Amino acid sequence: MQVKQLDIFREIIVDNFAGGGGASTGIELATGLNVDIAINHDPDAIAMHKANHPETEHYCESVWDVDPKKVCAGRPVGLCWLSPDCKHFSKAKGGKPVDKNIRGLAWVAVRWAKAVRPRIIMLENVEEFQTWGPLTKEGRPDPARKGQTFQAFVSALKKEGYEVDFRELRACDFGAPTSRKRFFMIARCDGRPITWPETTHGDPKELNVQLGLKKPWRTAAECIDWSIPCRSIFERKKPLVENTMRRIAKGIRKFVTENPNPYVVESNGVMFPFLSQYHSYENDGARGQTLDRPLLTQDTSNRYALTVAFMQKYFAGNYKGSGAGMDMPLPTVTATATELQQRASIWEK
C-alpha cells in the first residue's frame, strides 16, 4: 500500500471562515494539496468541515481570536483564503441596519498579511462587496461614502507589499450549472503576475460555443432527479396562498404557454417544468427560470419549488405510452371530469 508522504517543509494553506468545506474542496482540486488550517467560530460548521476534511487542523474560534503566528508555527503560508460573511453587503439585505463588526470581517486579511505574509491572499464575496463604506448613525450604509472602506482595504494590502487585482466571475462560465456571480480578489507579494482563468463555457447561442471553442452552459435540469415523485399542489393539506398561486400561474404563462421554446421533459408523461420562487414580488409577477439555463443563485430560504405543468393520459384503454407530445394534435379528450382535472395538474418538487 502506497502511503502519501507529508512534506512538512511545504507552504501551508489556510481557510478562514471555513464553512462545510466547499471552498477547501475547491482549493484541493486546484492545488492537489489538503487545506492545513480551517477557522470558523461555528461548531456545526467546524464539525462538517472535519467530516469532509479530516486531515485539516481545525480551530473553532473567531478569526480575530486566532493568532496567525501561533497556528502557523513558523511554516510559510502559500495561500490564505477568506470568505467573510456577505449578508451585510448583499442586495438581498435590503435597507435593514447592519452589524459593523460583521461588515468589517474582511480586515482580517490585513492582519494575516502583517503577521505571516502569505504569498497569496484570495477573498471571495458578493459583488456588492466593492460598495463597502462607512455607516450612518442609523447603522445603514452611507450612500455618499460608498466604496470608501473598500478602497482603504485595497490600499492597506498594497502598503504591505501586495499586488492586488479583483473582478466578478460567474460560475456557469467555468462549468458549474449555476449563474451565481461572485466578487474575487487576488493579492500576491511574490513578484509573480496575477492571472485569471479563461472561461470554458458560454451561452449556447454564442459563436464560440457553436464553433466548439467553448462548451455550452450546464443547465439547472442537471441538478434534478426526475425519478423522485412529487405531490400536486391540489393535494396539499394547507393550500398555497392566493398570491403564490397567482405567481405560479403567471410562471406557467411566461415559461410554458407563451414560451416559443419551452423546456420539455418526457418522464412519466410530457412535462413543462420551471423553477418558481415564492418570494414576494411587485404586481405578483412571475419569478423563476426555465431549466435549460444555469441555476440562478439560490439563497438559504426555503422558498423555491420545481413547478411542472404536464399532460398525461389516465383513461386510455390498452394504451401503454407515457402521454402526448405538445408538438402534436391533442388526442381525443373524454368528458370525465377527473381526467380533465388531472390533465392540467401542477406539481411541486
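Not measured: the values here are computed from a predicted model. Along the sequence shown, the residues carry numbers beginning at 1.
In this structure, Arg145 CZ and Thr136 OG1 are separated by 10.5 Å, a value rounded to the nearest 0.5 Å. A distance of 8.0 Å separates CD of Gln130 from CE of Met185, quoted to the nearest 0.5 Å. Here OG1 of Thr56 is found 11.0 Å from NZ of Lys50. Values are rounded to the nearest 0.5 Å. In this structure, Asp42 CG and Cys60 SG are separated by 7.0 Å, a value rounded to the nearest 0.5 Å. To the nearest 0.5 angstrom, Arg180 atom CZ is 11.0 Å from Glu127 atom CD.
Nearest heavy-atom pair, Pro118 versus Tyr162, reported as atom, atom and distance to 0.1 Å: O-OH, 2.6 Å. The minimum heavy-atom distance between His49 and Ala38, with the atom names listed, is CE1-CB, 3.6 Å. Residue Arg170 comes nearest to Trp217 through the heavy atom pair NH2-CZ2, 3.6 Å, listed as atom of the first residue, atom of the second, then distance. Among all heavy-atom pairs drawn from Asp15 and Ala23, the shortest one is OD2-CB, 4.1 Å. Contact between His53 and Ser24 at its shortest, heavy atoms only, is NE2-CB, 3.5 Å. Considering all non-hydrogen atoms of both residues, Phe174 and Glu198 come closest at CE2-O, 3.6 Å.
With hydrogens and angles ignored, the 3.5 Å screen pairs a side-chain donor or acceptor of Glu222 with a backbone N or O of Thr219. Judged purely by atom type and a 3.5 angstrom limit, Arg119 has no side-chain atom pairing as donor or acceptor with the backbone of Leu79. Counting only distance, with no hydrogens or angles, the side chain of Arg218 and the backbone of Thr178 share no donor-acceptor pair below 3.5 Å. Side chain of Ser62 to backbone of Trp64: a donor-acceptor contact under 3.5 angstrom is found. Remark: side-chain polar atoms of Asn34 are not paired, donor with acceptor, to backbone N or O of Asp36 under 3.5 angstrom. Without hydrogens or angle criteria, Thr199 side chain to His201 main chain gives no donor-acceptor distance under 3.5 Å. The closest donor-acceptor contact from the side chain of Arg75 to the backbone of Val71 lies under 3.5 Å. Side-chain atoms of Asn208 do not come within 3.5 Å of backbone N or O of Lys214 as any donor-acceptor pair. Formation of a donor-acceptor pair under 3.5 Å by the Thr131 side chain with backbone atoms of Gly147 is not found in this model. The closest donor-acceptor contact from the side chain of Asn40 to the backbone of Ile46 lies at 3.5 Å or more, if one exists at all.
Between Trp107 and Trp132, the ring center distance clears the sub-6.0 Å criterion.
In Met122, the CE atom is crowded: over 12 heavy atoms of neighbouring residues, nucleotides or ligands sit closer than 6.0 Å. For His58, the NE2 atom sits in a packed shell: over 12 heavy atoms of surrounding residues, nucleotides or ligands are nearer than 6.0 Å. At most 12 non-hydrogen atoms from other residues, nucleotides or ligands lie less than 6.0 angstrom from CD of Glu163. Atom CZ of Arg167 has more than 12 heavy atoms from other residues, nucleotides or ligands within 6.0 Å.
Residues Val14 and Val77 are in side-chain contact: their nearest non-hydrogen atoms beyond the backbone lie under 4.5 Å apart. Counting heavy atoms from C-beta outward, Leu123 and Phe183 have side chains that approach closer than 4.5 Å. Between Pro141 and Lys146 there is no side-chain heavy-atom pair separated by less than 4.5 Å. In this structure, Val108 and Leu82 have side chains that are in contact, with non-hydrogen atoms separated by less than 4.5 Å. Between Ile120 and Cys80 the shortest side-chain heavy-atom distance does not fall below 4.5 Å. Put simply, the side chain of Val63 does not reach to within 4.5 Å of the side chain of His41, judged on heavy atoms. The shortest distance between side-chain heavy atoms of Ile12 and Cys72 falls below 4.5 Å. Side-chain contact between Ile186 and Val164 is absent, with no heavy atoms from C-beta onward closer than 4.5 Å.
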Apply side chain to side chain contact (heavy atoms under 4.5 Å, CB included) to the pair Lys215 and Val209, showing each step before the final yes or no.
CA-CA 6 Å; Lys215 297 179 180 180; Val209 175; over 6 Å; no

Passes side chain to side chain contact (heavy atoms under 4.5 Å, CB included), Trp196 versus Leu169? Steps please.
CA-CA 10 Å; Trp196 297 90; Leu169 303 175; 4.1 Å; yes

Audit row: Trp112, Asn16, side chain to side chain contact (heavy atoms under 4.5 Å, CB included) steps and yes/no
CA-CA 10 Å; Trp112 276 81; Asn16 282 275; 3.6 Å; yes

Before giving the answer on side chain to side chain contact (heavy atoms under 4.5 Å, CB included), spell out for Gln151 and Gln148 the whole-Å C-alpha distance, their side-chain angles and the decisive distance to 0.1 Å.
CA-CA 5 Å; Gln151 293 299 329; Gln148 287 185 5; 5.9 Å; no

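With respect to the salt-bridge test (charged N to carboxylate O, under 4.0 angstrom), the residues Lys205 and Asp203 do not qualify. Salt-bridge check for Glu128 with Arg182: failed, with every basic side-chain N at 4.0 Å or more from each acidic carboxylate O. Comment: Asp173 does not engage Lys181 in a salt bridge, judged by the lack of any side-chain N to carboxylate O separation of less than 4.0 angstrom.
In the hydrophobic clustering of this structure, Leu207 groups with Leu213; members are Ile, Leu, Val, Met, Phe, Trp, Tyr whose side-chain heavy atoms approach within less than 4.5 Å, directly or through other members. Taking hydrophobic clusters as Ile, Leu, Val, Met, Phe, Trp and Tyr residues chained together by side-chain heavy-atom distances below 4.5 Å, Met48 does not share a cluster with Ile39.
Ring pair Trp81/Phe184 is tilted by interplanar angle, where 30° to 60° counts as tilted.
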